[in-house]
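Computed from heavy atoms alone, side chains included, the values below leave out hydrogens, waters and symmetry copies. Naming: A, B, ... by sequence-line order, numbering from 1 per chain.
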Amino acid sequence: MSDESQENPKESSKAPAKFLKPYQPQDVEGVIYQKWEESGFFNPDNLPPASAGERTEPFSIVLPPPNVTGTLHVGHAYEDTLQDIVTRYKRMQGYKALWIPGTDSAAIATQARVEKNLQKDEGKTRHDLGREEMVKRVHEFAKNSEDTILGQVRKMGASLDWSRYAYTLDDKRNRAVFTAFKNMYDAGLIYQGNRIVNWDPKGQTTISDDEIAHEERTAQMVTFKYSKDFPIAIATTRLETKVGDTAVAVHPDDERYAEFVGREYDATFCGVPLHIKIVADKAVDPTFGTGALGVTPAHSMADWEIADRHDLPRPQVINEYAKMDVEGALNGKKVLEAREMILEWLKAEDLLVSSEDVTQNVATSERTGGIIEPLPKLQWFVAVNKPFTIPHSEIPGIESGSETTLKTLMRTAVESGAVDMPQDGFRATYFHWIENLRDWCISRQIWFGHRIPVWYKGEEIYCGITAPEGDGWEQDPDVLDTWFSSALWTFSTLGWPEKTQDLETYHPTSFMSPAYEILPLWVSRMILMSTFHLGQVPFKKVLIHGLVRAKDGRKFSKSLNNGVDPLEMIEKYGADALRMGLIVGGAIGSDVTFDEGRIKAYKLFANKIWNITRFVFENTDDYQGGTVTETKHQENIAQLREVTADITREMEQYHLHLAAEKLYDYTWKTFADKIIEESKADLVNADPAVRASAQAMLIEILQTTLKILHPFMPFVTEEIWSSFPNKGLLMVENWPS
RNA sequence: GCGCGGUUAGCUCAGUUGGUAGAGCGUCCCCUUGACGUGGGGAAGGUCACAGGUUCGAGCCCUGUAUCGCGCACCA
């Protein structure tokens, strides 16, 4: 700051004409962004030295890649703002600040979107087009939507290094994905297995646990016996699955049924022959229902595990189209029809014991709304509990060359503090999720995405980064779960698997700020991939943010049609106002309610800064130099120094909302309402030294204020800064201390 | 069921290590004083969900209750 007061004496300026009108963000934002881009300073390789000398310390963030399914929404705007504030702050502090942009192909979401359009516009399905044509269409759609969304990110003022732009399906990221797959396959951590998966009959694909939404429905809970001579009644809401039963399980300590354990019975159930064994298993809750569980291994996760323990057969009785696949009259019926038929049959045979309505949560696909049918299928999995030897580890508590599991890595990365997750609540959620984690099903039966890098020829199987030599090889038709590639994002964007300078310099990344809803989906999987492939955490600090909600507290969603278009807000109030309005909306981590009034308030604030500047220019046009000599002026500067230190403290703790509020408060209540008001008398003082002192003070306070406001309101501050003679870009000025 | 979070002014939300409650918007009154009316000055408005506890002192810490919301797992 002291060097500033020595700089000032050389400066004198008239108020440029633009200050005579109110601030018009629309006129300047595009121009300013272009100036920034042309400067090359978004790329840390081009940054000028800082006050402390050459920039040596890296600071890196990767942008959580928006899906190429549509346009920017206000949640993106919030997230972009958080990251841009941090990036700009660190850049001004002298770091090699890098923020990498990218987009995500979002396999299922994007394909579903295109399929929907296809159905609507042409009345066709993807099968009508064929795989090749369909994938082409999806790529076209993605390209279009990518252009749109990147244009929108720029409008937010995001200081992203576009020269390092990455797309999850580009060549480099493809290579990273295949390499990651192969490495994990070779380590025995990716395997193929027949397991119960969440099958979406509507989307004709498997989906992960995280893509399931539970919907509350009323269902009929039916208690019945398989046959007249069967000794135990069981209950179910899914009668149609009962033709796939191979056992009845009771609790080992349940005396009511103890005598039956081990016996086997034959029955013909609604035309289907059943062979039922009575087994004892701890998983059964003796207090629920009749205390006996009909075991349907092929259509229930829990039952599959019971079947494992008792070596039971696992007949599949429902197919991929949610239709019955059994002997007799039920064959080919939809599950709901079959349920009715069986109920009628039970009544007719007098096997129905009782029936009641219950409320239960039905698993549906988040994407298609289809009711999930648990089915056994041959799928690819990542083994999270399987021990393996990690060749290299920088994670505290995990030695290089030691035996560990992916789950242990995920837990240790956060437990050890290598990933700093300061929000206790979210850390608890994270650990809770890890504890319940099962093997991750990574194959998807869709066409758009990373094709699984495995080829088959008869009994032979080959896993590699490119197709194997020779004829007759056929590639696995499935594609990978989109989160598989997203999970590599912190290092695939930096050039991995090549040993690039970027990877060396910028990984682990410094900071990540995702929404809490993708903590399990994405954050934990980035930790999984990064610790496995690099032995490093993906980021040193993760600060989870909340959702932006509509004023009534509901989520913004397309179906509710309550969305707010950030571009409309920018058009109306300016990007700076939108940024401030979102940041001050609430503490990071809690949900933010969207409030247009708040954004409007910050448009007024931008104008206030504009007019402060006008006042300073108008009153310093004859400024010939001189320093801040008056005691009260010096006190004002000292006070600003304290405010700056306070704001810096808040920034260091990532209390961005507090820093923003304090900036607003200082600029308006102290600088404008007190300092400027009090300076008016001094500016007309007969003693030219007093006037000069006031002038020096005003210039210094204005310039410092612009600097500390810049990360929050980059456009208006940069525009004002450009009106001072002999100044470079504000974005690379040094953060005052 | 397990886990997490919220409950503070009419509305939307802050509140840093416990020290007499804050902002924006809204409401009311005043001001055509040369930076800005997209402004300035002032005012009203809160038993900080409830009940206990710890403390000299609690919006903040502890226990419990209510209520709203979220996540995970689901019971057949």
Handout entry: P spacing across the pair B:C60 / B:A51, given as an integer number of angstrom
Key = 13 Å
Practice task
With heavy atoms under 4.0 Å as the rule, sort A:Arg438 into base, sugar-phosphate or nothing.
Solution key: sugar-phosphate
Practice task
For B:U54 versus B:C70, give the span between their C1' atoms, rounded off to a whole number of Å.
Solution key: 32 Å
Problem - C1' gap between B:A58 and B:C48, integer Å - result: 11 Å
Exercise for the section: With a 3.5 angstrom cut-off on both distances, give the Watson-Crick or G-U wobble partner of B:G52, or none if there isn't one. Expected result: B:C62
Practice task
Rounded off to whole Å, could you give me the OH-to-P distance for the A:Tyr516 and B:G69 pair?
Solution key: 13 Å
Practice task
For A:Arg549 and B:G69, give me the distance from atom CZ to atom C1', rounded to whole Å.
Solution key: 7 Å
Problem - Salt bridge A:Glu596-A:Lys600, side-chain N to carboxylate O under 4.0 Å - result: no
Handout entry: Side-chain ion pair, A:Asp576 and A:Lys603, N-O less than 4.0 Å
Key = no
Practice task
Indicate whether OP1 or OP2 belonging to B:G41 is found under 4.0 Å from a side-chain N or O atom of A:Lys674.
Solution key: no
Problem - Centroid-centroid distance, A:Tyr226 to A:Tyr265, less than 6.0 Å - result: no
Practice task
Tell me the partner of B:G46, counting only Watson-Crick (N1-N3 plus N6-O4 or O6-N4) or G-U wobble (N1-O2 and O6-N3) with both under 3.5 Å; none if nothing fits.
Solution key: none
Handout entry: 5' priority, RNA chain B, between A:Val584 and A:Ala428 [closest heavy atom]
Key = A:Ala428
Practice task
Just compare B:U16, B:A14, B:A76 and give me whichever is closest to any side-chain atom of A:His655.
Solution key: B:U16
Handout entry: Same-atom distance (C1') from B:U12 to B:C2, integer angstrom
Key = 33 Å
Exercise for the section: Identify whether any heavy atom of A:Phe605 sits under 4.0 Å from a base atom; if not, whether one sits that close to sugar-phosphate; answer base, sugar-phosphate or nothing. Expected result: nothing
Exercise for the section: Scan A:Leu519 against the nucleic acid and name what it touches under 4.0 Å (heavy atoms): base, sugar-phosphate only, or nothing. Expected result: nothing
Exercise for the section: Ignoring backbone atoms, test whether A:Thr290 places a side-chain nitrogen or oxygen under 4.0 Å from the OP1 or OP2 oxygen of B:A76. Expected result: no
Problem - Ion pair A:Arg309/A:Asp281, N-O distance below 4.0 Å - result: yes
Exercise for the section: Give the rounded distance in Å between these two atoms: CG of A:Asn198 and P of B:C72. Expected result: 12 Å
Practice task
Please work out whether the ring planes of A:Phe269 and A:Phe224 are parallel, tilted or perpendicular, with thresholds of 30° and 60°.
Solution key: tilted
Practice task
Remember a base hit wins even if backbone is also touched, and classify A:Thr296 as base, sugar-phosphate or nothing at under 4.0 Å, heavy atoms.
Solution key: nothing
Exercise for the section: Return the nucleotide paired to B:A9: Watson-Crick means purine N1 to pyrimidine N3 with N6-O4 or O6-N4, wobble means G-U with N1-O2 and O6-N3, both under 3.5 Å. Expected result: none
Completion exercise
Side-chain contact check for A:Lys662: nearest option of B:G71, B:U16, B:G15 is B:U16
Practice task
Please determine if A:Arg195 forms a cation-pi arrangement with A:Phe381, meaning its NZ or CZ atom is less than 6.0 Å from the six-membered ring centre and no more than 45° off the ring axis.
Solution key: yes
Handout entry: Nucleotide nearest A:Asp595 when distance is taken to its side chain, options B:C4, B:A14, B:U12
Key = B:U12
Problem - Distance, rounded to the nearest Å, where A:Ile232 contributes CD1 and B:A76 contributes P - result: 19 Å
Handout entry: A:Lys282 NZ to B:A76 P, straight-line distance once rounded to whole Å
Key = 21 Å
Exercise for the section: Determine the interatomic distance between C1' on B:U27 and the same-named atom on B:C68; round to the nearest Å. Expected result: 28 Å
Problem - Whole-angstrom distance between B:G46 and B:G10, as gauged at atom C1' - result: 12 Å
Exercise for the section: Both distances under 3.5 Å, Watson-Crick or G-U wobble: report the partner of B:G57, or none. Expected result: none
Practice task
May I ask you to decide if A:Val384's main-chain N or O and A:Asp439's side chain share a donor-acceptor pair within less than 3.5 Å?
Solution key: yes
Please write out the pairs of protein N or O atoms and N or O atoms of nucleotides 29-36 of chain B separated by less than 3.5 Å, giving the distance to one decimal.
{"from": "B:A35", "atom 1": "OP1", "to": "A:Lys680", "atom 2": "NZ", "distance (Å)": "2.8"}
{"from": "B:A35", "atom 1": "N7", "to": "A:Lys680", "atom 2": "NZ", "distance (Å)": "3.4"}
{"from": "B:A35", "atom 1": "N6", "to": "A:Ala672", "atom 2": "O", "distance (Å)": "3.2"}
{"from": "B:A35", "atom 1": "N6", "to": "A:Glu677", "atom 2": "OE2", "distance (Å)": "3.1"}
{"from": "B:A35", "atom 1": "N3", "to": "A:Asn611", "atom 2": "O", "distance (Å)": "3.1"}
{"from": "B:C36", "atom 1": "O4'", "to": "A:Asn611", "atom 2": "OD1", "distance (Å)": "3.2"}
{"from": "B:C36", "atom 1": "O2'", "to": "A:Asn611", "atom 2": "ND2", "distance (Å)": "3.1"}
{"from": "B:C36", "atom 1": "O2", "to": "A:Lys608", "atom 2": "NZ", "distance (Å)": "2.9"}
{"from": "B:C36", "atom 1": "N3", "to": "A:Lys608", "atom 2": "NZ", "distance (Å)": "2.8"}

Exercise for the section: Select one nucleotide: of B:A76, B:A14, B:A23, the one nearest the side-chain heavy atoms of A:Lys242. Expected result: B:A76
Fill in the blank from the handout: Of A:Thr236 and A:Ala587, the one whose closest nucleotide on RNA chain B sits nearer the 5' end is A:Ala587
Practice task
Could you measure between the two P atoms, the one in B:G24 and the one in B:A43, and give it in whole Å?
Solution key: 14 Å
Exercise for the section: To the nearest Å, give me how far apart NE2 (A:His545) and C1' (B:C70) are. Expected result: 15 Å
Practice task
Classify the ring geometry between A:Trp668 and A:Tyr664 as parallel (under 30°), tilted (30 to 60°) or perpendicular (over 60°).
Solution key: tilted
Fill in the blank from the handout: To the nearest angstrom, the CG-P distance between A:Leu658 and B:U16 comes to 8 Å
Problem - Selected nucleotide, minimal atom distance to A:Gln653 side chain, candidates B:G24, B:C72, B:U16 - result: B:U16
Practice task
Tell me the partner of B:G34, counting only Watson-Crick (N1-N3 plus N6-O4 or O6-N4) or G-U wobble (N1-O2 and O6-N3) with both under 3.5 Å; none if nothing fits.
Solution key: none
Problem - Distance between C1' atoms of B:A9 and B:A14 (Å, rounded) - result: 13 Å
Handout entry: A:Asp591 CG to B:G71 P, straight-line distance once rounded to whole Å
Key = 10 Å
Exercise for the section: Taking only Lys NZ, Arg NE, NH1 and NH2, and the carboxylate oxygens of Asp or Glu, determine whether A:Lys277 and A:Asp311 approach each other closer than 4.0 Å. Expected result: no
